[in-house]
2 protein chains.
Amino acid sequence: MAGPEIERLIQLLARLPGLGPRSARRAALHLLKKKDALLLPLAATLREVGDSVHACSTCGNLDSRDPCAICTDSRRDESLLCVVESVADLWALERAGVFRGRYHVLGGTLSALDGVGPTDLNVDGLVARVNGGRVKEVIIATNATVEGQTTAHYITDRVAPSGVQITRLAHGVPVGGELDYLDDGTLGAALKARRPL
Amino acid sequence: MAGPEIERLIQLLARLPGLGPRSARRAALHLLKKKDALLLPLAATLREVGDSVHACSTCGNLDSRDPCAICTDSRRDESLLCVVESVADLWALERAGVFRGRYHVLGGTLSALDGVGPTDLNVDGLVARVNGGRVKEVIIATNATVEGQTTAHYITDRVAPSGVQITRLAHGVPVGGELDYLDDGTLGAALKARRPL
Ligand SMILES: [Zn+2]
Ligand SMILES: [Zn+2]
């Protein structure tokens, strides 16, 4: 086998999602082959990200600033608050470039199975932001899973007393999606939410 | 999008074999979630590996010692020299635990297409080791590809004048392999090299 340092590197790489033991070995060798172009820059960037990036105390986004770049961007509409499960979902919406309001990251979904209750999610922070008076609409963008929908209902109950408008992302046929490949639930929702042409 | 530090981390991770842009984002988020348990240890280990691990000046293996742990292991038979294309192949043989001699890593294969010639591989070092007088058998374990076989022939020509025995790994049916799934070349080689039961 390889020496203890390399074995440790392989073990750590194998814990990344998408890499198994075999691909972790290949990745370690690739890193060693490209020491100056990849291994050392990756080490430095990991250290830098580890030292500087933290969860935004306002919205839960990950950034080197707190509040984060989105929370402090005055061009973004602070009256629109999009509630997402995770930073990954926030990134997906930002990549799409379709939303110009602010976010609130819950940090997960309610799950009896995994023992995730309301206090494990950043819901109190959401309620406080909504009660702050500047938010006019809360857009619930949790995933269309059972847990996501359960969480959406719970958030609705918690936010409703404030009187702000609560909306959720529409269900329907994905753009470019083929009906033949869609599940019954999506087809049913798309049919129910049909709109005049 | 994420901030510049995170974007840079994603770009570097996406250059690892086995990770695309999408899985690199997932890996970056996973690292940020497990900052103390994974991100910082990975940064430190990369730095350590980058600083301490180098190619063994004798055999080309990667190790923090030079000569490497294999070259300096007196329990290993120095009269047997196994020639492999890459450190990955050396690791594969070590994992199998079937070889107790020493190695010589070529660092690639001859390839007219990729412009890899004899001087790009560590063949002179191999000839020098063989001429050193302690090697009795050179086992050529290049891959069973066109380039691997071409390289094997070239090495045979270069090592032959020394008079040491030159062997190569046997071709045949992989253990547990089903004939139905094997290519004609392997089947032909297995038939040709048939042995009495
Ligand atoms: Zn923020
Ligand atoms: Zn060595």
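Chain A is the first sequence line, chain B the second, and so forth, proteins listed ahead of strands; every chain is numbered from 1.
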Seminar exercise, completed: In terms of heavy-atom pairs under 4.5 Å with chain B, the winner among A/Gly18, A/Ser23, A/Ser64 is A/Ser64
Exercise. Is the count of non-hydrogen atoms from other residues, nucleotides or ligands lying under 6.0 Å from A/Arg100 atom CZ greater than 12?
Worked result: yes
Exercise. Got a sec, which residues hit side chain to side chain contact (heavy atoms under 4.5 Å, CB included) with B/Ala92, two or more places apart in sequence or on another chain?
Worked result: B/Arg95
Seminar exercise, completed: From the list A/Leu9, A/Thr45, A/Leu12, side-chain contact (heavy atoms from CB on, under 4.5 Å) partner of B/Leu46 resolves to A/Leu9
Problem set entry | CG on B/Asp63 to CD on A/Glu5, rounded to 0.5 Å | 7.0 Å
Problem set entry | chain B contacts, top residue of A/Arg22, A/Arg26, A/Arg15, A/His54 (heavy-atom pairs, under 4.5 Å) | A/Arg15
For this session: Group every Ile, Leu, Val, Met, Phe, Trp and Tyr by side-chain heavy-atom contacts under 4.5 Å, then state whether B/Val159 and B/Leu106 land in the same group.
Result: yes
Problem set entry | Interface residues of residues 72-89 of chain B facing chain A - non-hydrogen atoms under 4.5 Å apart | B/Val87, B/Ala88
Exercise. Is A/Ile6 linked to B/Val105 within one hydrophobic cluster, defined over Ile, Leu, Val, Met, Phe, Trp and Tyr using a side-chain heavy-atom separation of less than 4.5 Å?
Worked result: yes
Exercise. Counting a contact as any heavy-atom pair under 4.5 Å apart, which residues of residues 162-171 of chain B contact chain A?
Worked result: none
For this session: Enumerate by number any residue of residues 27-43 of chain A whose heavy atoms lie under 4.5 Å from heavy atoms of chain B; in the absence of such residues, state 'none'.
Result: A/Ala27, A/Leu29, A/His30, A/Leu31, A/Leu32, A/Lys35, A/Ala37, A/Leu38, A/Leu39, A/Leu40, A/Pro41, A/Leu42, A/Ala43
Exercise. Is it the case that one hydrophobic cluster holds both A/Leu121 and A/Ile139, taking links as side-chain heavy atoms less than 4.5 Å apart, direct or via other members?
Worked result: no
Problem set entry | Linked, directly or transitively: B/Val135 and B/Tyr154 (ILVMFWY side chains, under 4.5 Å) | yes
Exercise. A/Phe99, A/Leu62: one ILVMFWY side-chain cluster at the under-4.5 Å cut-off?
Worked result: yes
Seminar exercise, completed: chain A shares the most heavy-atom pairs under 4.5 Å, among B/Asp51, B/Leu13, B/Val53, with B/Val53
Exercise. CG of A/Asp184: more than 12 outside heavy atoms within 6.0 angstrom?
Worked result: no
